[in-house]
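Everything below concerns the one structure shown next.
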Amino acid sequence: MFEWFVDSASNIAPQVNFVMNLVNFITGLAFILTNATLVYFIIKYRRRKEGEITSRIDQNHTIEVIWTVIPSIILAILFVVGLKDFRELRAAGQKYKEIMVSAKQWAWEFTYSTDSDLIQSPKKIKTDNVLYLEENERVKLIMKSKDVIHSFYVPEFRVKEDVVGNIYTYVTFIPLISQRQATMTEEERKAWYQITQDQKEIIPQVEDQCKKVQEKYGINLPVGTCGSYRIFCAEYCGKDHSYMLGSAVVLKKDQFLQLMNKLKEEQGKIVVSAEYGKEIYETKGCKSCHSIDGSKVVGPSFKGNWGKPRKLADGRVVTVDENYITRSILEPTKEVAEGYPNIMPPQDLNEEQIQSVIEFIKSLNK
Ligand code: HEC
Ligand SMILES: [Cu+2]
């Protein structure tokens, strides 16, 4: 059938399409009927001669009952159909794999359960802004925000769920590789993911991630084994809300396991370096508030501040050194740089990551 929706890439997508079609059909029909009646009445009851008096009708019980009962029945049907799909998204009692989703201004972080026999890892595998999923495997996304309200949204999955602080929200579904992605040729893929150099710099995560998986991790992905979709934040969350994009990459089981093992390996041997610090700066949202060219964005630029005195809002003067940077990252509200708003969210970076950021900031003085 002709599909006027975006690709369908999950088990519930066809059901959501059906409800959408049904609602469109019913409201479309109601629109036509009411407007046709309106036009008919305008003509039929037009004023025919000077001084004509309108007949007075107070109530008509039959019509009132009809226009109350029929819409109520229709709404009740829509409620039942919607409830069925909602239950599917909750899927209580089903088997699923868990993935923790953490949202913050303005980045996504995903933590995978590594309790499978095939991916054993002492440390949980984490990825930034790119969510890897296994095709045909039910997944449960357990989500929480570190600051304001965000909303996890992947149109192709027909999945949208608010991500808030203090409570966990969740959604379950079975990701699939959509027909279109499964059959796209190399050329078509290129055209589909055509993005400009500018966009690439600001939001690298919207590139064709299937291609990236092949290039970066050397995993062979024949046509039909990978689908890449965009993740949006669907709740206005501040300055860089529109850049809070990510990618959801659906892989066949084999390739998914290969990738998880590569990620495990990669994350096992991360070493402290300025390059890694730069990667953190770009992927963990620091970029939205800190520049590296000396310009003031929301917070101070990282360029040229290493070793310099920093005046704080409470009047003290400290030196920008390892300790100050560490404290600024973990407890940013305790020492606030003068002239800047006290809005930096605490960043839960680990030791290696903090040291790498320090190396990166140092390297910007050269
Ligand atoms: C929402 C905006 C925002 C984000 C995101 C953010 N910061 Fe900040 N940051 C600020 C602001 C504002 C200040 C100045 C006020 C203060 O000291 O709390 C600051 C101060 C700092 C300082 C002290 C700099 C100085 O010269 O005094 C460091 C270091 C720092 N941030 C590191 C980071 C790192 C690393 C990240 C990412 C992991 C990050 N920040 C993400 C807003 C942000
Ligand atoms: Cu957001």
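For clarity, every value in this text was computed on a predicted model and none was experimentally measured. Both counts, for ligands and for their atoms, begin at 1 and track the order of listing.
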Side chain, backbone, both or neither: the part of Tyr281 lying under 4.0 Å from ligand 1 by heavy atom: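 No part of Tyr281 is near ligand 1 at this cut-off.
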Contacts of atom 8 (Fe) of ligand 1 with protein N/O/S atoms, counting only those under 2.8 Å: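 As for protein N, O or S atoms lying under 2.8 Å from atom 8 (Fe) of ligand 1, they are His290 NE2, Met344 SD.
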Looking only at non-hydrogen atoms, find the nearest pair between [X] and [Y] and report the distance.
X      : Y      : value
Pro71  : Ile66  : CD-O, 3.8 Å
Lys239 : Ser288 : NZ-O, 2.6 Å
Ile329 : Met344 : CA-CE, 4.0 Å

Kindly write out the residues that satisfy ring pair (Phe, Tyr, Trp, His ring centres under 6.0 Å) with Phe157, not counting sequence neighbours, or none if the list is empty.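 Phe157: ring pair (Phe, Tyr, Trp, His ring centres under 6.0 Å) contacts with Phe173, Tyr229.
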Could you check whether [X] pairs with [Y] (Lys NZ or Arg NE/NH1/NH2 to Asp/Glu carboxylate O, under 4.0 Å)?
X      : Y      : answer
Arg48  : Glu52  : no
Glu98  : Lys140 : no
Asp293 : Lys303 : no
Asp348 : Lys146 : yes
Glu359 : Lys362 : yes
Glu134 : Lys97  : yes
Lys126 : Asp128 : no

Are any of the N/O atoms on [X], whether in the backbone or the side chain, positioned under 3.5 angstrom from an N/O atom of ligand 1?
X      : value
Glu335 : yes
Lys284 : no
Ala337 : yes
Tyr324 : yes

Out of curiosity, is Ser288 lining ligand 1, as in a heavy atom under 4.0 Å away?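 Heavy atoms of Ser288 never come under 4.0 Å of ligand 1.
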Check whether NZ of the Lys or CZ of the Arg Lys262 lies under 6.0 Å from the centre of the six-membered ring of Tyr217 and within 45 degrees of that ring's axis.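 Judged by the rule, Lys262 and Tyr217 form no cation-pi pair.
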Please list, in number order, the atoms of ligand 1 under 4.0 Å from a heavy atom of [X].
X      : result
Gln105 : 5 (C)
Pro341 : 12 (C), 15 (C)
Val357 : 35 (C)
Asn305 : 25 (C), 26 (O)
Gly285 : 5 (C)
Tyr340 : 14 (C), 15 (C)

What angle, to the nearest 10°, do the atoms SD (Met244) and ND1 (His150) form about the Cu ion (ligand 2)?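 Computed angle, vertex at the Cu ion (ligand 2), rounded to 10 degrees: 90°.
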Below 2.8 Å, any N, O or S contact between Gln105 and the Cu ion (ligand 2)?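 Checking the Cu ion (ligand 2) against Gln105, no N, O or S atom falls under 2.8 Å.
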N/O/S atom of Cys237 inside 2.8 Å of the Cu ion (ligand 2), strictly under: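 True for Cys237.
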Identity and distance of the protein heavy atom lying nearest atom 32 (C) of ligand 1: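 Protein heavy atom with the smallest distance to atom 32 (C) of ligand 1: Phe302 CZ, 3.5 Å.
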Considering only non-hydrogen protein atoms, determine which one is nearest to atom 25 (C) of ligand 1 and report residue, atom name and distance to 0.1 Å.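 Here the nearest protein heavy atom works out to Arg310 NE, 3.3 Å.
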With sequence neighbours excluded, give me every ring pair (Phe, Tyr, Trp, His ring centres under 6.0 Å) pair touching residues 334-364.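 Listed once each, the pairs are Tyr281-Phe360.
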Side-chain donor/acceptor pairs under 3.5 Å, residues 311-325, sequence neighbours excluded:
unit_1	atom_1	unit_2	atom_2	d
Asp314	OD1	Arg316	N	3.1
Asp314	OD2	Arg316	NE	3.3
Asp314	OD2	Arg316	NH2	3.2
Asp321	OD1	Asn323	N	3.2
Asp321	OD1	Tyr324	N	2.8

